[in-house]
2 protein chains.
Amino acid sequence: MDRLDSSLIALRRILRATELFGRELKQAAGITAVQFRVLQIIAETGQVTAKEIAQRMRVSQATVTSLVDKLVRDGMAVREKSALDRRQTNILVTDKGRQTLSEAPDPLQQRFVRKFSELDDWEQAMMVANLERVAAMLDAEDIDAAPVLHTGDIKRATDA
Amino acid sequence: MDRLDSSLIALRRILRATELFGRELKQAAGITAVQFRVLQIIAETGQVTAKEIAQRMRVSQATVTSLVDKLVRDGMAVREKSALDRRQTNILVTDKGRQTLSEAPDPLQQRFVRKFSELDDWEQAMMVANLERVAAMLDAEDIDAAPVLHTGDIKRATDA
DNA sequence: TCCGTTACTTCGCCTATCGAAGCAACTGGA
DNA sequence: TCCAGTTGCTTCGATAGGCGAAGTAACGGA
């Protein structure tokens with residue numbers, strides 16, 4: 001089954017690339033891919049609750065606490081008690097966080113964007129169709145996937 | 001750029017699927033994806049040196065030591081000083097390790113294999129071509145990728 | 001013999017992640 | 001009104017993966 005191997009190898013290369021770029025991101029921007037993803041989620045709407053981050057990233061609240069701790073420590077985000085429901089904590093992105101987001105764009109995504117743009121129209125269409133098909137084959141259809149790459153940057157909208 | 005978004009989303013779904021299945025593997029087989037990958041490398045030839053594992057997985061030797069420690073602790077592998085060069089340590093897979101490998105096949109890979117096999121011939125060919133193209137776009141061409149999926153299961157043959 | 005290199009381990013450190021336990025605040029009864 | 005249960009978050013203690021630096025042992029050449 002030669003083509004099967006080829007496709008699996010290609011998939012692994014794709015995974016590998018995302019992993020390596022996660023490391024690059026960390027070195028270049030001083031922020032890990034996971035923290036970057038948290039920052040993105042915060043910045044989307046300007047503020048979110050810890051629970052929402054946990055749900056979207058599919059990690060526990062305990063994990064979110066520690067991730068936000070690091071962002072706060074590094075001045076990327078701040079916590080603020082919600083006035084409406086004081087159990088909740090709103091997490092806000094700071095100027096520095098916003099700056100980090102804009103200055104440390106995902107190199108993997110950038111590379112992909114650039115090369116994708118260079119494709120012919122029909123090639124783009126075909127590639128989209130194929131990637132979606134592969135995703136479906138991996139049974140990942142119920143995933144709430146925002147258009148950002150990162151191994152750690154993965155979430156699901158509605159849970160089982 | 002609608003198609004760009006679609007393709008990025010599909011990619012993220014693929015990454016997400018691999019991550020989720022890593023967690024499944026851990027629960028089902030009691031072994032993490034990374035350790036599983038180490039075990040695979042050992043089992044390929046029956047024995048390898050720590051250095052080889054480090055190179056193939058692209059992690060430091062210190063990391064390999066700790067990974068192998070866990071495999072040894074769990075009875076999956078054993079260390080054995082090389083007779084030829086006593087600086088080297090050969091790592092061997094045990095029966096239990098072999099059993100784990102065979103009984104805990106990658107569910108993600110299995111799913112992909114099954115669905116891939118159901119495709120028409122021309123569909124398979126097209127999918128391979130597309131995946132390889134995506135991998136190339138991510139600049140992952142120099143990667144020594146064995147046909148096994150797993151986020152943590154990623155390596156590179158020749159380094160920069 | 002001795003010095004440099006190689007192979008591996010140890011040590012200390014970091015991040016990501018979790019479950020359980022704890023605490024504070026909201027909410028629905030009675 | 002007040003208590004009990006739920007909800008949101010943090011704290012605590014673990015585990016895993018990962019790294020660099022330092023340490024140890026063995027090889028190998030001069």
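If you're wondering where the values come from, they're calculated on a predicted model, not measured in any experiment. Chain A is the first sequence line, chain B the second, and so forth, proteins listed ahead of strands; every chain is numbered from 1. Values below: all heavy atoms of this structure, side chains included; hydrogens, waters and symmetry mates excluded.
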- Message: Any base atoms under 4.0 Å from Ser82(B), or only sugar-phosphate, or nothing? Heavy atoms, all strands.
- Response: nothing
- Out of dG17(D), dA16(C), dC9(D), which has the shortest distance to the side chain of Lys51(A)? dC9(D)
- Measure the distance from CD on Glu52(A) to P on dT7(D) and round it to the nearest whole Å. 17 Å
- Against the side chain of Thr32(A), the closest entry in dT17(C), dC26(C), dA16(C) is dA16(C)
- Message: Under 4.0 Å, counting only non-hydrogen atoms across every strand here, what does Ser66(B) touch: a base, just sugar-phosphate, or nothing?
- Response: nothing
- Query: Hey, what do you get for CZ (Arg37(B)) to CG (Leu67(B)), rounding to the nearest 0.5 Å?
  - Reply: 12.5 Å
- For Ile31(B) and dG17(D), what is the distance between atoms CD1 and C1' respectively, to the nearest whole Å? 14 Å
- Message: Test side chain to side chain contact (heavy atoms under 4.5 Å, CB included) on Val134(B) and Leu131(A); report intermediate values, then the result.
- Response: CA-CA 9 Å; Val134(B) 172; Leu131(A) 284 175; 4.0 Å; yes
- Task: Please answer whether the main-chain N or O of Thr89(A) pairs with a side-chain N or O of Ser82(A) as donor and acceptor at a distance below 3.5 Å.
- Result: no
- Message: Just the rounded figure in Å: distance from P of dT15(D) to CD of Gln35(B).
- Response: 13 Å
- Identify which nucleotide among dT9(C), dG17(D), dT17(C) has an atom closest to any side-chain atom of Thr65(B), counting heavy atoms from C-beta outward. dT9(C)
- Query: For atom CG of Asp120(A), is the number of surrounding heavy atoms from other residues, nucleotides or ligands below 6.0 Å larger than 12?
  - Reply: yes
- Here the side-chain hydrogen bond (donor to acceptor under 3.5 Å, both in side chains) pairs for residues 63-72 of chain B, sequence neighbours left out, are Ser60(B)-Thr63(B), Asp69(B)-Arg79(B)
- Respond yes when some side-chain nitrogen or oxygen of Ser60(B) is under 4.0 Å from OP1 or OP2 of dG20(D), and no when none is. no
- According to a strict under-4.0 Å criterion, is Gln61(B) in side-chain N/O contact with OP1 or OP2 of dA7(C)? no
- Task: Write down the distance between CZ (Arg87(B)) and P (dG28(D)), rounded to a whole number of angstrom.
- Result: 6 Å
- Sorted by position of nearest nucleotide on DNA chain D, 5' first, the leading residue of Lys70(B) and Ala62(B) is Lys70(B)
- Message: If I take atom CG in residue Asp85(B) and atom P in nucleotide dC8(C), what distance separates them, rounded to the nearest angstrom?
- Response: 8 Å
- Task: Looking only at side-chain atoms of Val59(A), point me to the closest of dC18(C), dA26(D), dT10(D).
- Result: dC18(C)
- Task: Would you sort out whether Leu71(B) and Val38(B) count as a side chain to side chain contact (heavy atoms under 4.5 Å, CB included), showing the intermediate values?
- Result: CA-CA 9 Å; Leu71(B) 289 176; Val38(B) 174; 3.5 Å; yes
- Please state how far atom CD1 in Ile53(B) lies from atom C1' in dT9(C), giving the value in whole angstrom units. 14 Å
- Message: What's Thr89(B) touching, base or sugar-phosphate or nothing? Going by heavy atoms closer than 4.0 Å.
- Response: sugar-phosphate
- Task: Tell me which nucleotide among dT11(D), dT9(C), dA26(D) gets nearest to the side chain of Arg86(B).
- Result: dA26(D)
- Query: Starting at CG of Asp69(A) and ending at C1' of dA16(C), how long is that distance when rounded to a whole Å?
  - Reply: 13 Å
- May I ask you to say what Gln88(B) touches in the nucleic acid, namely base, sugar-phosphate or nothing, with a heavy-atom cut-off under 4.0 Å? sugar-phosphate
- Item | Whole angstrom value for the distance that separates P of dA7(C) from CD of Glu80(B) | 19 Å
- Counting only side-chain N and O atoms of Arg79(A), is one of them less than 4.0 Å from OP1 or OP2 of dC9(D)? no
- Task: Just do the side chain to side chain contact (heavy atoms under 4.5 Å, CB included) check on Val72(B) and Ile91(B) with the steps written out, would you?
- Result: CA-CA 9 Å; Val72(B) 170; Ile91(B) 297 144; 6.0 Å; no
- Query: Short question: side chain of Gln124(B), backbone of Phe116(B) - any donor-acceptor pair under 3.5 Å?
  - Reply: yes
- Task: Rounded to 10°, tell me the angle between the two end axes of the helix from dT1(C)-dA30(D) to dA30(C)-dT1(D), each built from five pairs.
- Result: 10°
- Identify, between Asp74(A) and Lys81(A), the residue whose nearest nucleotide on DNA chain C lies closer to the 5' end. Asp74(A)
